[in-house]
Each structure stands twice: as C-alpha cells, then as structure tokens.
Amino acid sequence: MTLLEVNGLVVRYGRLTAVHGLDLTVAEGEVAILLGANGAGKSSTLGAISGVVPVAAGEVLFAGRRLSGRPPHVIARSGLVQVAEGRRIIGPLTVRENLELGGYAVRSARLRGERIRMVTDLFPELGPLADRPGGLLSGGEQQMLAIGRALMADPRLLMLDEPSMGLAPVVTDRVIDAVADIAARGTAILMVEQNVSAAFRVATTAHVMERGEITLSGPASEVAGSPHVLRAFLGTADTPQVIEETTP
Amino acid sequence: MGDYLRDAITLGGVYVLFSLGLTLSWGVLNILNLAHGNVLVAAALSAYLLTTQVALPMALLLPACMLVGALLGLGLELLVFRPIRARAADEESTQLAVLIGSVAAGALLYAIAERITDGRVRAVDPGTFTVTDYLVAGVRVSNLQLLIVGVSLVLSVLLALLVSRTRHGRALRAIAVDRVTCGLLGVPTARLAAVTMATAGALAGAGGLLLALHLGSVEASMTESLLLKAFAVIIIGGVGSVGGAILGAYLLAGAEVFSVAYLGSGVRDAVVFLVILGLLLLRPQGLFARTAWQRS
Amino acid sequence: MMLAAADWFGAGDSTIRTALVYVLLAYGIHLALRTGTFSLAAVATYGTGAYTAGALALDGWSPVAAVAAAVVQAAVAGLVLALVLARLRNLYLAMATLAAVLLVHVLALEWESVTGGALGLLGIPRGVTVPQLLVIVALCTLAVALGERGRTGRMLEALRLDDQLAASVGIDVVRARRVAFVLSAALGGLAGSLSALQFSVLTPDEISFALIVDVLTIVVIGGTAAWYGPLIGAVALAWLPELLRWTGDLRPIVQAAIVVVLVVCAPDGAAGLIRAVAARLRRLRRRENGLDVVPAVEGAVR
C-alpha cells in the first residue's frame, strides 16, 4: 500500500528552482533510496516533504492525507519523521533529554520510557551515555542518537538525509545495519545517501535525481545494475567527484 | 545590617521578576525585547486604573496584572515578532529586525502610558491592602516586602521547575539551540514561542504591580533604570539561565544596597556599570553560563 | 512633491536643524549596520560629543575647535569601546552599546561639575548656522555615498553578509569592523557637538532612550539598503509631527503605531523600496531590449 505520494513537487529559492515537478511514491515496508549528485535537489525534496522548505507547487500526501503546506511539527506528528542532515543534536541536552525531546508529542512518561528502552535495545552504545550532553558524543554516536530520537515518535516513515556523512566506514556500516533493522520492524524508509554502495545494501527501491527531477526509478537491483548509475555514481567510469563526496 | 539585608532581598525580588522574562525570551527565542519594561509599566498602570475603580483584594489584583502582562507579551509575539520573523532572510537580520520591532512597539506602549497618566506620576493605592510592619528576628519587615519576596520566590521557583523538569521546558531549552530541528521532531515551535512571550509578560506583570506598590506610584518612564539592572543581571547569570538570573538579581541588589550603605548613594549606578563592564571584559558569557561545547 | 518640500521648509528653523543633526547621527548607525554590526555606540558618543563641545564652548573655545575636539573624543571613545567589546556580536553587542548610552545619561546626571547635572549646560554660545550645517551634512552624505561604491562598497557588502566570505576574499574582518565602529562613533560625536552648538541648552534628557527610539525610527523609515536611507528617514521623522497635526493629542500614539506598522510590513524602508522598484525597472528595460540575462545569481545570493 502506498504510504507517501509526492505529485509534481516544485521547490524554489527565490528565482532559483531546485526541484521541478518531482513525482515519488514510497510504499509501506519499502526502503527507498534517493541518489544524485550534489545540488540535484535531494535535500530540498526531503525538506519539502517534512515541511521545513516551502512547497512552491505540487502536493505531498501521506497515508492519504494532504501534508503539503502544513507546519513541520504537524507533519512529524502524523508519523513522517525526518533525521536532518548533519544530525542536529541539541548539544547542551543530555542523551536522554534528546531522546525525550524526540517523544515530545507522547504525553505519557511511561510510554516515553518504553520507547527509550526500545531505542537503547537498537543502539546499546547509547545506554551508558544517557546522562552525557549530546554535544560531547562522537559523530557515529550522534548519528545513532539522531536516528533514535526520530524513532521516539514511532514514525511510519523515517526519512534520513545522508546518515553516513562524515563517518568512518566501520561506523557507516553500523548505521546502515541499524537502518535495515528499523525497516525489518515495519517502518518504511526514504533515505538520501551519497555512499551509494552502502545504500544499495539495504535498499528495495532506488530513485535517481538529476537537476531537480527523477530520471530513473525501479527496484534497487535493477537500478544498481543500470549502466547509467554505474557511470554516474559508482565511479566505474571517469567520475572523480564521487570519490570526493563519499570521503569528505 | 539586618535592614540592609531586607532591602537587598526586596530589591532583588523586583529585579528577578523583571529580568526573568527578559532572559527567557532572549535565551529561548533570541529576542532582546526592549518593550519588556513597557509591558511592566502597562501592568502597573492597569493596577492603577483598576484600583481607582474598584477595591480589589490582592488575590485578584495580582492575577489581573499578570494577565495584562501575558496578553501584551502574546500580542507582541503575534502582531510584531512573528510577522517579522516570517519574512527575514537569516538569523542575524531577524534578531536585528525583531530588536528594532520591540523598540517600536515599546515606544507605542510608552505613548499610550503617557496619555493615560497625562505625563505625571500617579499614586497607586489598592485600598484593600494596608502596609503594616512586623518584627522578624529584630528587623522591621513590612507585609509588602514579604509579599514581594514571596511572589518572586514562588514564581521563579515555578519557572525553574518548568524549564528543567517538564517536557515543555525541555522543548524550550532545545528551541533555544535549534528551532528547525525541534519542528522536525514534532515540537510546535510557534506555539511555544507564543507561550514563552506570554510567560515573560506575566512575570513582568507581577513585577509591575509589586514595583508600583513598593514605590506607591506609577509613571510611564519608570523602567529605564530597570532595563540597565536587567542587563547586568543577565550578564551575571548568563543568557537564558533561570537560576543564573535569580542569583544575579540578588547579587546585584546586594551589591547595590551595601555599596550605597557604606559608600553613599552616588555609587548606586556606578556599581551596576562596573558589574557590566567587568564581566563583559572578563567573562562575556556570564558567570554561570554554559561552556563553549554546550553552546555549539 | 514641491508642495511637500515647501511645507517642510516652512516647518521652522529648529525642525530643520534637528533633522540635519539627525541625518548625521543616523549615518553613524547606518555605517555600523552596513557592516553587519548592531551597535548603538554612535548614540552614546552623540551624548559625549554634545557635552564635550558644549562645555568647551562655554569655556570660550571657538566652535570649530570645540567640534573638532568633540569628534576626536568620540573617535577615541569609539576605539576604546571597539576594543572592549571586540568579542561581542549581535544581541550582546546591541545590549552592551545600549548600556553605554544609558551610562552616558547617568554620567550627564551625576557628573555635575562638568555637565551641570539635571539642569544641564545653559547658555552655550551658538556657533553653527544652517548653511554651515547643510554643507557638513552634504559632505558626509557624499562620503557615505562614495564609500558604498566600488571596492569599499563590495567590502561592506561582504562584511554584512558573511564574515567567512569576507575573510576569504582577503578582508581583514576585525580591522574593518573596528574602523567602521570608530567612524560610526566619530559621526555620532560630530552630530552631538553640532547639536550642542545650535540650541544653547543641553540637558541629560536629550541622551536617553527616546533618542534611541528616534534614531531607530529613522532607520526604519529610511532603511539601510542605500546611502539615501538615513536622509529620507531623518527628513520624514522631522516632517511627521507636521503631517500628523490633525491627530491632535493622539499624535504620539499614532506616530508610534505607524512606525510599528512600518517595521512589520516594510522592513527594508524607503531605500529598500526604491531599490526594488529600480531593479524591476531595469529588468523591464532589459527585457524590452531583448537582453534578458537569467538573473539566477541574484536569487541565489538572497
């Protein structure tokens, strides 16, 4: 069943158009990845879906409800939660407080406690760090906290914007494995990722964006094998810029 | 000695009520609200207007003044700050535009206050409240002084608990750091901004009533010196820190009262400026402020 | 338009003098804002400059010497402030310079031997005529207008937008800001000293929160987008009382309300409006000539 439906999405910054007429669907249980070079409009797309970037035209439907034009907190509360690029941990708050913040919409403290246990089951690394200020964690720990914090709202669809950014390869694997775990529990995923080979390990569907449009969509296995993607993103041809992007 | 201590604590109580709202709106919303003093005057004026009409008991007068302050704070946020924030390009220019907006709104409130008072000092006498003195541990203390201390203590402790213990308080501390991320996590940032401004206004409202009773009068320009004191308090306590503001208010009041007592009344303002200048030079982030990594 | 100008010049000698002084003070604030520094230091040095020039003139100094001394004093005060407050930005700097303004007010009240206390300085010899004032304002306006062109103009723009960007194109950000701060303070001192030498009376009330409100009103009405902003703002502020005479007793309230509405609805002021209209006209003309270059860069900078 279709969970997220984006029709004819347009995003503009002043007179600059970042996304023009994008169509995209994510079904329940799906792990969709959004690929593309820098500036292709991936982050703008996620931002428009989650409400932090204004939608110039088109619509976003989630579980049949129209979300475009609603404020971010309403969108988040309807079960569509985004983990922002760069993790955005609230530095002065402790790890536990950051998690509690993710469960802001959950009124029951008992339920929030249960969810915190669920998150620390998924990321045992966070358990002993509970009382430490979030700003003191390592990059990988912060990424786990950011994902855990988003899970506190019990999303039906989790959007991730470059979860591997700035992480060592081992840590990237750990984070991508966690994404697979989350998907296995039934949460749909929409992920933007520059580390293409890591992303394809968990993806069921892949979309390729170029200059604000989706140019190729399909099952991950097919897209991964398409010569177009191989050439543009996997660096099998002469594309040195990909190397820069994956190891910043 | 006891008298000085009593005076310092009373004065500190007024400073706390005024400074808390200012540090709260700055710390959470990046608003340096220069209309804050005018909100305090408006509440004091409504006490003056109310008490000339009906004899209200203190138990009603205080909530009424807090309500006036809260409504004005809310009005500032909804009519001035939010529209400015909605159109500004980046965080820095937003802060500047909001600051100028608060000066303009304050000037409007000031003009209205001048009109109501006709530019004169107006006596405030609640009628239902007579000042009587008690002897507490050898020091003469009036029931008004006890009221000031009690109200400021109760309100500041309530605010401190709200900010440190509740999920709303946690959200407020998070908004202070990163508003966009809070929105992504389902926190209604616009509504909490309105609540913050209303809370700040209510605190100023209580401060306005108590200051008017303390002075026995109200006038449109009674807060200019208070603004400077609040700056000093915020600098001592660190921006956005409730505990810091409470401590800063009492430290400043104590420094003022004791230096006036031992060095003469001319040094009162000098003490305030020395505190501001010294801290700006040595520790611009405040005595009790968060360290660098926490602000990142 | 002609009628309006005639009206304004009919508004009285003292209105014109006040407006001209305010133009200079507004340039002081303008200069700081253009570099992205929110400093009210110029208002503080307006006060110290006024008292310096007033006291010296009373001591028998010539007007030129008194004004020169006041400007030097203001520049030095500005440099000291710039060094003391070097680490502060944005709201912290605004608060600290606001405190400096209030400090000057308190000093004026308390330092009676120099300032005359609450009564102020009386009988300051008048030493500046309106034509002289006009020349000074014209020179300062020219200097600001020239400063916003070419290399320094681009430097100002870079400083306002982004420190890192400015540093990356070779601007010594710290030094440039300090220079702007000192110039801003000197302009404030110039405005204050000229004010003191015109009205023969100087009281502490002139350097209070109300002065900040007036200056910011000029900034709001005129805008900071271009050099003509403060000019328009100061003229409008001087003209407003005349324009709102029909409101009678309610004038202060109506005037304050107008400023609030302007802050909320027209944040870029008159200068911003003029620039926007001019840009649109330019685009139209270009389109008519068939030379419509895609202005994507402009959009990206915003």
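Numbers restart at 1 for each chain; the letters A, B, ... are given by sequence-line order, proteins then strands. What you see below is based on every heavy atom in this structure, not just the backbone, and it leaves out hydrogens, waters and symmetry mates. The structure presented is a predicted model; accordingly, all values stated were derived computationally and were not measured.
- The 12-atom threshold is not exceeded at CG of C:Asp249, counting heavy atoms of other residues, nucleotides or ligands nearer than 6.0 Å.
- Looking at every heavy atom in both residues, B:Arg87 comes nearest to C:Val264 through NE-O, 3.2 Å.
- Proximity to chain B is absent for every atom of C:Leu107, based on heavy atoms less than 4.5 angstrom apart.
- The distance from the CG atom of C:Leu98 to the CG atom of B:Leu227 is 6.0 Å, given to the nearest 0.5 Å.
- When heavy atoms are compared at a cutoff of 4.5 Å, C:Leu33 approaches chain B solely by way of its side chain, counted from C-beta outward.
- Using a 4.5 Å heavy-atom cutoff, the side chains of C:Asn90 and B:Glu91 are not in contact.
- The two atoms that bring B:Phe273 and C:Ala99 nearest to each other are CE2-O, 3.5 Å, heavy atoms only.
- In this structure, chain B has heavy atoms under 4.5 Å from both the backbone and the side chain of C:Val260.
- Atoms CZ and CD, on C:Phe38 and B:Glu92 in that order, are 12.0 Å from each other to the nearest 0.5 Å.
- Atom CE of C:Met95 and atom CG of B:Leu228 lie 9.5 Å apart (nearest 0.5 Å).
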Using a 3.5 Å cut-off and no angle test, enumerate the donor-acceptor pairs between side-chain atoms of residues 221-228 of chain C and protein atoms at least two apart in sequence or in another chain.
none

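- For C:Arg89, the part lying near chain B is the side chain, with the backbone staying farther off; criterion is any non-hydrogen pair under 4.5 Å.
- Contacts with chain C (heavy atom to heavy atom, under 4.5 Å) involve these residues of residues 101-113 of chain B, listed by number: B:Gly101, B:Val103, B:Ala104, B:Ala105, B:Ala107, B:Leu108, B:Ala111, B:Ile112.
- Inter-residue side-chain proximity for B:Glu114 and C:Ile253 is flagged as unmet; no heavy-atom pair is nearer than 4.5 Å.
- Of residues 31-38 of chain B, those residues with a non-hydrogen atom less than 4.5 Å from any non-hydrogen atom of chain C are, in numerical order, B:Ile31, B:Leu32, B:Leu34.
- Scanning residues 208-219 of chain C against chain B with a 4.5 Å heavy-atom cutoff picks out C:Ser208, C:Phe209, C:Val213, C:Leu216, C:Val219, ordered by number.
- Of all the heavy atoms in B:Trp26 and C:Tyr92, the pair that sits closest is CZ2-N, 3.9 Å.
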